[in-house]
J.: 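Could you have a look at this structure, given as structure tokens, before my questions?
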Amino acid sequence: MAPNRVTLIALTALAPVSWGTTYAVTTEFLPADRPLFTGLMRALPAGLLLLALARVLPRGAWWGKATVLGALNIGAFFPLLFLSAYRLPGGMAAAVGSIAPLCVVGLSALLLGQRPTVRTLLTGTVAAFGVSLVVLKAAGALDPLGVLAALASIASMSTGTVLTQRWGRPEGVGPLALTGWQLTAGGLLIAPLALLVEGAPPALDGPAIGGYLYLALVNTAVAYWLWFRGIGRLTATQVTFLGPLSPLTAAVIGWAALGEALTPWQLVGMTLAFGATVAGQLTPAPRRKAPERGEPERKASRHRDVMACRPSAAPPASSGMADRDARPRHPSNPR
């Protein structure tokens, strides 16, 4: 794997690593029971900031495309993600979300014409199993609405990821502007929903303001810029296989900063999930086309023909008879 490609993958991986800190920041610093307001504060300020930096607005059909991508990747994904997290116990939302790589593999086959390989399917299965070992704990009955919300969030983000690669970017538009379009569109879609469901914004103290600033700037603006930049340069399958780094990061932060214990099974799951993430970045070497029968002989014959027809740099002087004998004859074509 080329060094530049390794650097690109590492930078893209910083996005899910950053998202893995969301749970700790939300539970330790932000107001409780405000998932829509939190989603709004993540998306809209970050989108407006990136728009101000890029100074590029969509044109023509890209107004519609940016709205669709913003709805799938942000506007629908954030509320569904928070709804599933609030209604499902013991990391079940993260466990359900771990099937996202398999969803992207299927959608890539449908929308991008990328045929899934056995290795890719096996890697996705191992990643989902590993994440499940990390996040699942003993819990009571599952909430059907929470499960549906988790599945819908996966479908939304997976579709947005594949469409982002399918549509690419307009000529002359960088990933900064594309990210700003999507975050702004998604935030504008969340705003009326947050006002209707949760009412007026809550009062914020110092830690909450700091938490929202971190979520908007680092966790969203920078992270989504790196994410969409990676989608533009890697395959959608490679990018989505970086997703398991998010629950792995959350588990490590819970152990290191929040005093949560890690069981041996969770360590096994972390090893499996991380190994699947690395395996998901390995692209198979292209197969060399087998030479057709007789091709080496034809190439050798053509080489002899060319060498026979090429005049020498300084032909030696000779007598008439020798000159006629040394005069190059045009070779016959073997075909």
Side-chain angles (χ1 to χ4, degrees), residues 9-43 45-46 77-78 81-98 100 127-139 146 150 153 157 202-227 230 241-278:
I9 293 173
L11 289 175
T12 307
L14 292 178
V17 168
S18 172
W19 297 334
T21 67
T22 304
Y23 175 78
V25 172
T26 302
T27 56
E28 296 298 313
F29 302 108
L30 303 185
D33 300 326
R34 290 290 185 140
L36 294 177
F37 179 75
T38 298
L40 174 63
M41 292 299 292
R42 284 187 65 188
F77 176 68
F78 279 7
L81 179 67
F82 283 121
L83 178 60
S84 63
Y86 271 83
R87 299 186 70 97
L88 291 179
M92 176 60 71
V96 177
S98 65
F129 179 69
V131 171
S132 299
L133 289 178
V134 173
V135 301
L136 285 183
K137 301 176 183 178
S153 69
M157 185 66 171
L204 303 179
D205 55 11
I209 294 175
Y212 281 127
L213 285 175
Y214 167 78
L215 289 182
L217 297 178
V218 178
N219 188 269
T220 302
V222 175
Y224 271 94
W225 170 67
L226 291 173
W227 185 254
F241 268 115
L242 297 173
L245 293 176
S246 179
L248 296 185
T249 303
V252 171
I253 291 177
W255 167 75
L258 304 180
E260 298 177 359
L262 288 176
T263 67
W265 281 114
Q266 286 178 304
L267 296 176
V268 171
M270 293 175 70
T271 303
L272 291 175
F274 185 77
T277 298
V278 174

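For the numbers below, each heavy atom of this structure counts, side chains included, while hydrogens, waters and symmetry mates do not. Since this is a predicted model, take the numbers as computed values, not measurements.
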J.: Rounded to the nearest 0.5 Å, how far does CG of Leu215 lie from CZ of Phe29?
T.: 10.5 Å
J.: Would you please name every residue forming a ring pair (Phe, Tyr, Trp, His ring centres under 6.0 Å) with Tyr212, sequence neighbours left out?
T.: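 For Tyr212 the ring pair (Phe, Tyr, Trp, His ring centres under 6.0 Å) partners, ignoring immediate neighbours, are Phe37.
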J.: Output the distance between atom CG (Leu242) and atom CG (Leu226), rounded to the nearest 0.5 Å.
T.: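 Answer for the CG-CG pair, Leu242 versus Leu226, is 11.5 Å.
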J.: Apply the test side chain to side chain contact (heavy atoms under 4.5 Å, CB included) to residues Leu36 and Phe78: give CA-CA distance (whole Å), side-chain angles for both, the deciding distance (0.1 Å), then the verdict.
T.: CA-CA 8 Å; Leu36 294 177; Phe78 279 7; over 6 Å; no
J.: Do the non-hydrogen side-chain atoms of Tyr224 and Arg42 ever get within less than 4.5 Å of each other?
T.: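 A side-chain contact exists here, since the closest heavy-atom pair is under 4.5 Å.
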J.: Is there a donor-acceptor pair closer than 3.5 Å between any side-chain N or O of Ser246 and the backbone N or O of Gly243?
T.: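 Answer holds: no.
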J.: Mind listing the closest non-hydrogen atom pair of Leu204 and Pro31 along with its distance?
T.: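 Residues Leu204 and Pro31, closest heavy atoms: CD2-CG, 3.9 Å.
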J.: With Trp225, which residues qualify under ring pair (Phe, Tyr, Trp, His ring centres under 6.0 Å), at least two apart?
T.: none
J.: How many angstroms lie between atom CD1 of Ile209 and atom CG of Leu30, to the nearest 0.5 angstrom?
T.: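 So the gap between those two atoms works out to 11.5 Å.
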J.: Could you tell me the separation between the CG atom of Leu40 and the CZ atom of Arg34, rounded to the nearest 0.5 Å?
T.: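 Rounded to the nearest 0.5 Å, the CG-CZ separation comes out at 11.5 Å.
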J.: If you look at every heavy atom in Gly20 and Thr249, which pair is closest and at what distance?
T.: CA-CB, 4.0 Å
J.: Looking at Ala24 and Ile253, what are the two nearest heavy atoms and their distance?
T.: CB-CG2, 3.9 Å
J.: Minimum heavy-atom separation for Ser153 to Phe77, with atom names?
T.: O-CD1, 3.4 Å
J.: Can you give me the closest heavy-atom contact between Ser132 and Ala128, atom names plus distance?
T.: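 In terms of heavy atoms, the two residues are closest at OG-O, 2.8 Å.
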J.: How long is the span from the CG atom in Leu267 to the CH2 atom in Trp255, to the nearest 0.5 Å?
T.: 9.0 Å
J.: If you take all heavy atoms of Ala46 and Ala216, which pair is closest and at what distance?
T.: CB-O, 3.2 Å
J.: Extract all donor-acceptor atom pairs below 3.5 Å that involve side chains of residues 11-18 and protein atoms in other chains or at least two apart in sequence.
T.:
residue : atom : partner : partner atom : Å
Thr12   : OG1  : Leu8    : O            : 2.8
Ser18   : OG   : Asn219  : ND2          : 3.4

J.: Met157 and Leu81: side chain to side chain contact (heavy atoms under 4.5 Å, CB included), yes or no, with the steps?
T.: CA-CA 10 Å; Met157 185 66 171; Leu81 179 67; over 6 Å; no
J.: Applying the side chain to side chain contact (heavy atoms under 4.5 Å, CB included) test to Met270, which of Val131, Leu133, Val252 qualifies?
T.: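 Answer to the side chain to side chain contact (heavy atoms under 4.5 Å, CB included) test with Met270 among Val131, Leu133, Val252: Val252.
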